[in-house]
Q: 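Take this structure, written in structure tokens, and hold onto it; I'll ask about it next.
Starting from 1, each residue takes its place in the sequence as its number. It should be emphasised that the depicted structure is a prediction, and the values quoted were computed from it without experimental measurement.
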Amino acid sequence: MKGFAALAAPSSTDVINDHDLKGSAGTLVTMIDPIRTPHNRPARPADAPHSRCFGLRIESHLLQVAIATPIDDQRFQIEIDEIESKSTTGWLETGEQENFVEALIDLVDRHNMHRHPVAVSLDGDFCVTRITTGTVDDVNRELSTLAQRIPRYLQLGPGEKVTGSTRRKIDATTDYAVTGVVNRSLIQLIYDSLRLADIEVTWVEPSLVGLARLIGQPTLWGDQPIMIADGTGKRWDVGIACSGRLLLDYRPANADSEQGLTRALDGHIARLKRFCHKQLRGNSSELDSMLICGNGNKPARALAAIGDNLGLKPNVLQVPLLPELYEIADHDRRSQCVPAVATVYPLLTGVSAADVPDLLVQVRRAPDLSWPQQIIRQFWPVAIAALVLIVPYGLVTKERRRHAGSTDGRASLESEIVASNIKFTHLASQRELFNHFRAIRQQTWEPNWSEMLTHITKSLPSSAKLNEFRVESSDQISMDGTVMEETVVYEVVNTLRRLPSVTQVALRGTTPERDSQSTRFSISLTTKSAPKSTTTGAGDE
């Protein structure tokens with residue numbers, strides 16, 4: 001089968017919620033979202049829109065818009081409107097742009113779509129979607145090969161091709177990339193028509209990507225692989241989705257009828273199941289369900305044609321009920337309305353533009369500007385340059401006027417210089433006198449011997465007697481004394497060392513006296529020196 005793309009297994013953080021599809025072939029299944037408590041309700045981004053937003057689905061003969069109007073902070077009311085083409089060739093054929101623009105303007109006027117976000121999805125008849133998964137190197141290699149193949153996509157017709165892509169990590173080792181391909185002439189026609197209708201386009205993405213995102217809601221099928229058959233266009237578009245990601249986009253060449261779809265899939269189901277099992281690495285259930293959507297009675301005819309022949313449980317897909325997100329009337333839940341609701345769904349849940357394969361990336365241009373805006377855009381560099389020149393010119397002019405108006409400027413400057421010289425001369429004489437007094441103080445300074453003698457005598461033990469206190473120099477003292485026990489001498493030395501004015505204590509010797517049992521000692525002390533004389537310099541005033 002052509003058109004397979006690889007898919008890596010979902011990460012362990014993906015939500016797992018197996019949903020058992022009830023019913024057999026020919027059964028209409030309506031997906032109803034169960035009531036959830038606040039604790040198991042899926043978190044929605046804080047920047048979700050609180051104003052109206054629109055999802056515009058473009059098919060060959062049908063324009064369908066889903067209008068989402070906020071009814072409270074968390075929920076929206078969705079309505080569906082559509083316009084059919086009166087031409088047999090459709091909207092996007094040569095010469096039909098005028099009718100296409102008129103239909104867009106009609107929708108814009110009906111629902112006041114001006115300046116509101118509008119997401120657009122393009123039917124698979126006009127674009128091709130390729131999915132690449134694997135390691136970083138594998139994805140890089142596959143995308144490089146795909147870039148070389150894109151110009152040869154003849155199923156999109158001749159001419160230049162443009163792409164829209166997104167890439168993100170599924171887990172620590174696996175990347176997931178989606179690439180949408182479309183003819184440049186076609187997407188340029190669509191983009192120009194949307195601009196002519198004054199529609200603010202958020203993005204244009206392949207429709208099947210949005211369908212996969214919608215049915216991947218955790219309360220619907222979760223991580224169960226589901227086959228999707230979209231018959232809203234001219235041909236059936238087949239895809240496989242899991243956990244909100246599109247795994248495979250397969251558009252059989254002869255699937256222009258329900259019988260052609262059955263023949264194209266017959267014999268390939270086993271291969272598709274092996275594909276899902278391999279790519280999901282056995283982390284989810286088997287591929288055993290098929291959802292069908294389409295216009296009119298095409299889904300019912302497809303159910304009858306498929307029956308039990310493919311080994312799948314086919315069911316008609318209607319717009320799912322998600323009461324925590326939106327409300328929708330029963331008549332707007334028709335199967336053909338599912339793609340339009342899937343188109344507006346990412347705007348309701350705050351999906352980032354980086355996660356959408358936007359087909360407008362290579363053709364989008366800046367929005368049209370009004371005449372005042374164009375004038376400002378063209379002339380703002382001139383205004384900035386003029387401002388830069390005017391400010392310095394004004395400052396220079398001011399300084400010139402100030403100097404020109406001063407007639408005695410030179411005389412005033414000379415008088416200031418003379419006054420400064422006189423001041424410096426006076427300071428120099430005072431500095432010289434100050435240094436002279438400082439030198440005299442240095443030469444005449446000596447410690448307070450009386451105070452020192454008092455400290456020494458008070459610090460001596462009671463058993464010690466001071467016999468002599470002699471000053472030998474300005475910082476040297478010699479003292480003799482008597483103690484009754486020789487051990488007291490060492491106590492005296494330790495006591496003298498703790499005096500604040502003494503820097504060094506030396507025991508010269510001890511002599512026992514024969515007439516008495518006492519011991520004479522001799523100790524020298526070194527006191528703090530006189531403060532050093534400094535000279536006040538020119539920078540000390």
Side-chain angles (χ1 to χ4, degrees), residues 2-7 55-60 91-92 118-133 139-140 142-168 170 175-194 201-216 228 230 232-242 244-252 339-340 342-347 351-364:
K2 298 180 180 180
F4 275 137
L7 173 76
L56 178 64
R57 163 66 185 262
I58 301 177
E59 301 175 23
S60 60
W91 304 109
L92 304 178
V118 180
V120 180
S121 65
L122 191 59
D123 183 70
D125 290 331
F126 306 105
C127 59
V128 174
T129 308
R130 291 293 176 257
I131 298 92
T132 307
T133 55
V139 173
N140 290 337
E142 291 293 332
L143 292 180
S144 178
T145 303
L146 182 62
Q148 298 175 3
R149 294 173 51 195
I150 284 175
R152 299 193 296 272
Y153 274 8
L154 298 180
Q155 63 265 47
L156 297 177
E160 181 185 357
K161 310 299 188 296
V162 296
T163 62
S165 62
T166 180
R167 180 172 177 174
R168 59 189 175 93
I170 298 178
D175 279 17
Y176 171 78
V178 180
T179 303
V181 187
V182 67
N183 256 5
R184 173 178 283 275
S185 59
L186 177 68
I187 195 65
Q188 189 70 56
L189 183 147
I190 293 174
Y191 181 57
D192 292 341
S193 301
L194 293 171
V201 190
T202 305
W203 56 64
V204 176
E205 67 173 339
S207 177
L208 205 58
V209 176
L211 282 174
R213 186 187 297 117
L214 176 62
I215 68 173
I228 309 171
D230 181 9
T232 52
K234 292 186 294 184
R235 291 192 304 165
W236 286 90
D237 195 5
V238 180
I240 299 177
C242 180
R245 297 190 299 269
L246 184 64
L247 313 186
L248 175 68
D249 180 12
Y250 173 56
R251 179 166 289 270
T343 304
V344 77
Y345 174 77
L347 295 180
V351 173
S352 171
D355 294 330
V356 177
D358 187 5
L359 298 173
L360 293 181
V361 170
Q362 300 180 36
V363 300
R364 189 188 295 270

Q: Please find the pair of heavy atoms, one from Ala241 and one from Ala212, that lie closest to each other, and give the distance.
A: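 That closest heavy-atom pairing would be CB-CB, 3.5 Å.
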
Q: May I ask you to decide if Leu360's main-chain N or O and Asp358's side chain share a donor-acceptor pair within less than 3.5 Å?
A: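 Present.
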
Q: May I ask you to decide if Ile150's main-chain N or O and Arg130's side chain share a donor-acceptor pair within less than 3.5 Å?
A: no

Q: Can a donor-acceptor pair be found between the side chains of Thr232 and Arg57 at a distance below 3.5 Å?
A: yes

Q: First locate atom CD1 of Ile240, then atom CG of Leu248, and finally report the distance between them rounded to the nearest 0.5 Å.
A: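 The distance works out to 5.0 Å.
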
Q: Flag the pair Val204 / Val182 as yes when at least one side-chain heavy-atom distance between them is below 4.5 Å, and no otherwise.
A: no

Q: Nearest 0.5 Å, what's the CG-CD1 distance between Leu214 and Ile228?
A: 9.0 Å

Q: If I compare all heavy atoms of Asp123 with all of Gly233, which pair ends up nearest, and what's the gap?
A: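 In terms of heavy atoms, the two residues are closest at OD2-CA, 3.6 Å.
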
Q: Mind checking whether Ile58 and Leu92 have side chains closer than 4.5 Å, heavy atoms only?
A: yes

Q: Whether the side chain of Thr166 engages the backbone of Ala354 through a donor-acceptor N/O pair (distance < 3.5 Å, no angle test) should be reported.
A: yes

Q: Quick one: are Val162 and Leu359 in side-chain contact, heavy atoms under 4.5 Å?
A: no

Q: For residues Ile131 and Tyr176, determine if any side-chain heavy atom of one lies less than 4.5 Å from a side-chain heavy atom of the other.
A: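 Heavy-atom side-chain distance check passes, below 4.5 Å.
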
Q: What do you reckon, is CZ of Arg184 surrounded by more than 12 foreign heavy atoms closer than 6.0 Å?
A: yes

Q: How long is the straight-line distance from CG of Asp192 back to CD1 of Ile187, given to the nearest 0.5 Å?
A: 10.0 Å

Q: Considering only heavy atoms from C-beta outward, does the side chain of Leu246 approach that of Val178 to under 4.5 Å?
A: no

Q: Between CD1 of Ile170 and CZ of Arg168, what distance do you get to the nearest 0.5 Å?
A: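 Here the interatomic distance stands at 6.5 Å.
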
Q: Strictly by salt bridge (charged side-chain N to carboxylate O under 4.0 Å, His left out), give each pair with a member in residues 201-213 just once, sequence neighbours left out.
A: Glu205-Arg213

Q: For the residue pair Ser207 and Pro339, what are the closest heavy atoms and their distance?
A: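 For Ser207 and Pro339, the tightest heavy-atom pair comes out as OG-CB, 3.9 Å.
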
Q: Can you list the residues that meet the side chain to side chain donor-acceptor pair (under 3.5 Å) rule with Ser193, with sequence neighbours excluded?
A: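 Gln97.
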
Q: Against Ser165, only a single residue in Val181, Thr179, Leu146, Leu143 fulfils side-chain contact (heavy atoms from CB on, under 4.5 Å); can you say which?
A: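 Result for side-chain contact (heavy atoms from CB on, under 4.5 Å) with Ser165: Thr179.
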
Q: Can you name the closest pair of heavy atoms from Pro206 and Thr129 and give their distance?
A: CB-OG1, 3.3 Å

Q: What's the spacing between Asp237 CG and Asp249 CG if we round to 0.5 Å?
A: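 It comes to 5.0 Å.
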
Q: Starting at CH2 of Trp91, measure out to CD of Glu59 and round the result to the nearest 0.5 Å.
A: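 Going from CH2 on Trp91 over to CD on Glu59, the span is 11.0 Å.
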
Q: At their closest point, which heavy atom of Ala119 faces which heavy atom of Trp203, and how far apart are they?
A: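 Looks like CB-NE1, 3.6 Å.
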
Q: Any idea which heavy atoms bring Leu247 and Cys242 closest together, and the distance?
A: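 Answer, listing the atom of Leu247 first, then Cys242: CD1-CB, 3.7 Å.
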
Q: Counting only N and O atoms by type, is there a donor-acceptor contact under 3.5 Å from the side chain of Glu142 to the main-chain atoms of Thr133?
A: no

Q: Can you name the residues that form a side chain to side chain donor-acceptor pair (under 3.5 Å) with Arg167, not counting sequence neighbours?
A: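 Arg167 satisfies side chain to side chain donor-acceptor pair (under 3.5 Å) with Asn140, Asp175 only.
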
Q: Indicate yes or no for a side-chain donor-acceptor contact from Asp125 to the backbone of Lys234 under 3.5 Å, with no hydrogens or angles considered.
A: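 Judged by distance alone, yes, a pair lies under 3.5 Å.
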
